[in-house]
S.K.: 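I have a structure here, written as structure tokens, and I will follow up with some questions on it.
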Amino acid sequence: MSSITSPSVELSSYRDQHFKGSRAEQDRLLRGTTTLYIGNLSFFTTEEQIYELFSKCGDIRRVIMGLDKYKKTPCGFCFVEYYNRADAENCLRYINGTRLDDRIVRTDWDAGFIEGRQYGRGKTGGQVRDEYRTDFDGGRGGYGKIIQQKIGSGPETTFPR
């Protein structure tokens with residue numbers, strides 16, 4: 001019996017640079033995982049909303065919300081672990097690219113959650129790409145961290161507080 005695969009469930013070119021192991025080991029884990037990385041979430045998306053949306057594809061083992069390292073508040077990503085691979089594949093097929101809290105959800109395979117990965121990797125616990133954001137994005141906490149620092153530093157600032 002052959003299995004049908006679609007491009008939406010194949011491995012993406014992204015690899016976690018902080019993975020402890022070889023590229024071959026990471027690829028092996030990605031091919032058998034039931035864990036997904038979910039990105040581009042609003043800072044205000046709740047765990048209950050994640051369960052409600054992602055359970056449409058199958059039974060969820062657990063959801064691990066991404067947290068700001070210091071404030072322990074959501075910071076725009078999470079991990080969703082399903083009980084079986086087929087449900088995770090359905091999530092990639094049907095939920096990736098949909099809207100949740102007015103944001104386009106990104107899903108990708110994850111080699112498996114390890115304690116400590118729930119904390120953002122930016123200087124302040126947020127995701128690095130948010131630190132370079134220059135436009136206002138209320139769903140992701142407003143302006144980027146660097147812009148927020150500039151707000152209080154001089155008279156040329158035009159952004160509202």
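Keep in mind that this is a model prediction, so the values were computed, not measured.
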S.K.: Which atoms form the tightest heavy-atom contact between G39 and F77, and what is the distance?
M.R.: CA-CB, 4.3 Å
S.K.: Ignoring hydrogens and geometry, is there a side-chain-to-backbone donor-acceptor pair from Y94 to E89 under 3.5 Å?
M.R.: no
S.K.: Without swapping roles, check the side chain of R85 against the backbone of T34 for a donor-acceptor pair under 3.5 Å.
M.R.: no
S.K.: Are the side chains of T45 and I50 in touch, meaning some heavy atoms are under 4.5 Å apart?
M.R.: yes
S.K.: So, do Y37 and F79 sit near enough that their side-chain heavy atoms are less than 4.5 Å apart?
M.R.: yes
S.K.: Suppose we screen for side chain to side chain donor-acceptor pair (under 3.5 Å). Which residues come up paired with T33, at least two apart in sequence or across chains?
M.R.: none
S.K.: Determine yes or no for a side-chain-to-main-chain donor-acceptor pair under 3.5 angstrom, with D68 supplying the side chain and C75 the backbone.
M.R.: no
S.K.: Using the salt bridge (Lys or Arg N to Asp or Glu O under 4.0 Å) rule, collect all pairs that involve residues 24-47, keeping only residues at least two apart or in two chains.
M.R.: R15-D27, R23-D27, E25-R28
S.K.: For D110 and R117, what are the C-alpha separation, side-chain angles and deciding distance, and is it a side chain to side chain contact (heavy atoms under 4.5 Å, CB included)?
M.R.: CA-CA 11 Å; D110 187 77; R117 288 190 60 215; 2.8 Å; yes
S.K.: State the CG-OG1 distance between L29 and T35, to the nearest 0.5 angstrom.
M.R.: 10.0 Å
S.K.: Do you know the tightest heavy-atom contact between Y82 and A88?
M.R.: CD1-CA, 3.7 Å
S.K.: Name every donor-acceptor pair, under 3.5 Å, that has one atom in a side chain of residues 55-67 and the other anywhere in the protein, sequence neighbours excluded.
M.R.:
unit_1 : atom_1 : unit_2 : atom_2 : d
S55    : OG     : Y51    : O      : 2.7
S55    : OG     : E52    : O      : 3.4
R61    : NH1    : E81    : OE2    : 3.0
R62    : NE     : E81    : OE1    : 2.9
R62    : NH2    : E81    : OE1    : 3.4

S.K.: Between T98 and L53, which heavy-atom pair has the shortest distance, and what is it?
M.R.: OG1-CD2, 4.4 Å
S.K.: What's the spacing between D108 CG and I38 CD1 if we round to 0.5 Å?
M.R.: 9.0 Å
S.K.: For the CH2 atom of W109 and the CD atom of Q26, what is their distance to the nearest 0.5 Å?
M.R.: 14.5 Å
S.K.: Okay, side chain of R106, backbone of L41: is any donor-acceptor separation there less than 3.5 Å?
M.R.: no
S.K.: Looking at OG1 of T107 and CG of L36, how far apart are the two atoms once the value is rounded to the nearest 0.5 Å?
M.R.: 6.0 Å
S.K.: Excluding sequence neighbours, so at least two apart, what forms side chain to side chain contact (heavy atoms under 4.5 Å, CB included) with E115?
M.R.: F113, Q118
S.K.: Nearest 0.5 angstrom please: F44 CZ to D102 CG, how far?
M.R.: 13.0 Å
S.K.: Return yes if some donor-acceptor pair links the side-chain N/O of D101 with the main-chain N/O of R103 below 3.5 Å, else return no.
M.R.: no
S.K.: Go through the structure and list residues passing salt bridge (charged side-chain N to carboxylate O under 4.0 Å, His left out) with D87, not counting sequence neighbours.
M.R.: none
